[in-house]
Amino acid sequence: MQPEDAKNQHLTFKKKERICSKLTIERLLEKKQKFFVYPFKCYYDFTPRTDADSVHRILITVPKRNFKHAVDRNRLKRLIREAYRQNHRQIFDNQIPDNLRSDLFFLYVGKEILPYNLIEDKIIEILQRLTKVVRS
RNA sequence: AACAGCAGUUGUUCCGUCGCUGCUCCGAAAGGAGGAGAGGAAAGUCCGGGCAACACAGAGCACCGUGCUUCCUAACAGGAAGGGGUCUUGCAAAGGGCCACGGCAAGUGCCACAGAAAACAAACCGCCUGCACGCAGGUAAGGGUGAAAACGCGAGGUAAGAGCUCACGACGCCGCGCAGUGAUGCCGGUGAUGGUAAACCCCACGGGUUGAAAAACCAAAUAAACCGAGGCCUGAGGGCUGCUCGCCCGACUCGGAGGGUAGGUCGAUUGAGCCGGCCGGCAACGGUCGGACUAGAUAAAUGACGGAACUCGACAGAACCCGGCUUACAGACUGCUGUUUUUU
RNA sequence: GGCCCCGUAGCUCAACUGAAUAGAGCAUUUGACUACGGAUCAAAAGGUUACAGGUUUGAAUCCUGUCGGGGUCA
């Protein structure tokens with residue numbers, strides 16, 4: 001399932017790579033597997049791969065409490081998503097065993113909008129930390 | 001030309017690479033190609049509709065909303081024109097701003113403190129008359145209190161006074177009066193007198209309730225209930241009986257249907273819409289002809305990187321759809337009005 | 001997306017059928033008591049009643065509009 005040929009080197013981010021089901025979200029939060037990398041709080045859950053189509057999925061949330069304007073929340077979600085899209089295949093997907101599938105939940109707990117390069121650094125840090133969790 | 005006010009328009013642009021959501025085409029699929037992709041406020045949710053489900057003979061009550069007139073409109077608490085009031089500029093003429101602008105003469109309530117008294121009534125200092133030295137009667141001019149004191153002001157009148165009478169003025173109602181569609185203005189008659197209805201309330205008009213998390217369609221899994229068949233070779237068990245047969249019920253097995261959860265589809269994007277011309281209208285707006293073709297997501301699509309330009313980019317992100325209102329907003333442009341200065 | 005409620009001293013609340021000094025407890029400051037501190041007693045300070053308009057003689061209270069906070073409906 002991991003991209004091997006040149007054609008699949010496109011760094012896509014499709015609908016099926018997002019968590020859309022409320023049940024999945026509740027299960028993820030009930031497990032309470034989480035850690036902080038400021039300005040993020042990250043929940044994670046690894047499950048065995050059941051069929052070949054299933055992929056790693058993520059969910060991005062920016063609370064309305066900290067960012068009142070929808071414009072600011074959209075901006076942050078787009079930046080986070082772009083950072084994940086650019087990096088997850090290189091440093092995350094290739095390091096995960098083929099029989100595991102992940103659900104990730106990024107919660108932005110910062111109070112102000114950070115520039116893209118900082119957000120990208122933090123996302124990379126989170127993904128690297130997750131690979132260590134899987135191996136241990 | 002500058003400044004101020006009001007009204008209106010606009011509110012970064014271009015190229016490349018990667019990526020996101022629909023649509024069309026190609027492809028067995030993976031995927032590829034083409035083209036589309038937030039606003040004037042998308043916001044607040046303050047009003048009005050469309051649409052949908054439920055309810056509903058008719059009428060009334062309660063509750064809520066609206067409240068000068070005429071018109072516009074699908075409708076409105078919106079808009080246009082007008083009337084009235086109020087503030088302001090001005091010598092005036094005139095202009096500008098603002099106004100929740102039906103009714104306290106239908107009833108009830110309230111009006112702190114002060115004051116004699118806050119409206120039923122009554123009289124502190126006064127004024128006048130009588131008795132005779134503090135009491136009785138009359139009075140509401142004047143004083144004082146208060147936000148507000150029995151309509152204002154002048155004359156008559158009187159012991160002193162009083163809308164008690166009269167003129168003028170303020171106010172309500174009436175007139176087939178005159179002008180106007182009307183509010184209203186003018187004229188004439190008549191009548192009452194504190195304020196308060198964003199106090200209860202009265203009058204007129206309007207409103208059924210609930211909202212796309214509405215509604216409609218398709219429909220896994222699972223539990224119990226329902227229907228049909230089996231329930232025997234062997235065997236759950238129970239009833240009709242003392243026993244056997246038989247019949248019935250029935251655990252259980254198989255199948256079905258129903259409602260309907262997860263999930264999916266639809267609602268859902270072409271519309272009381274937009275642009276331009278002509279006609280009607282003071283205007284809001286209406287009619288007609290022509291043209292363009294537009295976001296439709298569903299945990300929810302516009303981003304990242306590199307480059308270029310300028311005035312260096314405000315407020316801010318669709319979630320069923322429209323019409324308004326309110327609020328936020330860097331800069332640029334247009335029109336009108338006023339003031340100042342310069343030139344002709 | 002729809003609906004509902006609430007903003008009063010630093011904190012928790014009164015006063016919400018208009019009436020003039022917006023009150024109470026805790027906390028703060030000062031003083032007394034004590035060898036010192038706590039507790040107690042006495043006193044003081046602290047408010048644009050979220051903001052802006054309006055009605056009224058008079059508004060925390062009534063009306064309208066903003067801003068902020070909270071709740072509820074799958």
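In the text below, chain A, chain B and the rest are named by the order of the sequence lines, each starting its count at 1.
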Check your understanding: With sequence neighbours excluded, what pairs up with Asp45(A) under the salt bridge (Lys or Arg N to Asp or Glu O under 4.0 Å) test?
Key -> Lys31(A)
Study note, to complete from the structure: Sequence neighbours excluded, the answer for side-chain hydrogen bond (donor to acceptor under 3.5 Å, both in side chains) partners of Ser102(A) is His56(A)
Exercise for review: Could you pick out which residue, Arg75(A) or Lys68(A), lies toward the 5' side of RNA chain B when each is mapped onto its nearest nucleotide?
Suggested key: Arg75(A)
Check your understanding: Going by heavy atoms closer than 4.0 Å, what residues in residues 35-44 of chain A are next to RNA chain B?
Key -> none
Find every protein N or O atom lying less than 3.5 Å from an N or O atom of nucleotides 37-46 of chain B, and list the pairs.
none

Point to revise | With Ile123(A) via side chain to side chain contact (heavy atoms under 4.5 Å, CB included) - residues at least two apart | key: Phe40(A), Ile80(A), Ala83(A), Phe106(A), Ile119(A), Leu127(A)
Point to revise | By salt bridge (Lys or Arg N to Asp or Glu O under 4.0 Å) - contacts of Glu120(A) (at least two apart) | key: none
Point to revise | Connected hydrophobic set around Leu107(A), excluding itself, where side chains approach under 4.5 Å | key: Val109(A)
**Study point:** Partners meeting ring-ring contact (aromatic ring centres under 6.0 Å, His included) with Phe36(A) (sequence neighbours left out)
**Key:** none
Practice item. Just grab all the salt bridge (Lys or Arg N to Asp or Glu O under 4.0 Å) pairs involving residues 127-136 of chain A, residues at least two apart or on different chains. Key: none
Review point. What residues, two or more places apart in sequence or in another chain, satisfy salt bridge (Lys or Arg N to Asp or Glu O under 4.0 Å) together with Arg81(A)?
Key: none
Review point. How long is the line joining CZ of Arg85(A) and P of C18(B), in whole Å?
Key: 10 Å
**Study point:** Tyr116(A): partners by ring-ring contact (aromatic ring centres under 6.0 Å, His included), with sequence neighbours left out
**Key:** none
Exercise for review: Take atom P in G286(B) and the same atom in C20(B), then report the distance between them in whole Å.
Suggested key: 46 Å
Study note, to complete from the structure: With syn meaning chi within 90° of zero and anything else anti, the base of G338(B) is anti
Practice item. Check each residue of residues 115-124 of chain A for a non-hydrogen atom within less than 4.0 Å of any atom in RNA chain B, then write out the ones that pass by number, or none. Key: Tyr116(A)
Practice item. Select base, sugar-phosphate, or nothing to describe what Arg81(A) touches, counting heavy atoms under 4.0 Å on all strands. Key: sugar-phosphate
Study note, to complete from the structure: Its glycosidic angle compared against 90° from 0, A38(B) adopts the form syn
Study note, to complete from the structure: Between Asp72(A) and Leu79(A), whichever has its closest RNA chain B nucleotide further toward 5' is Leu79(A)
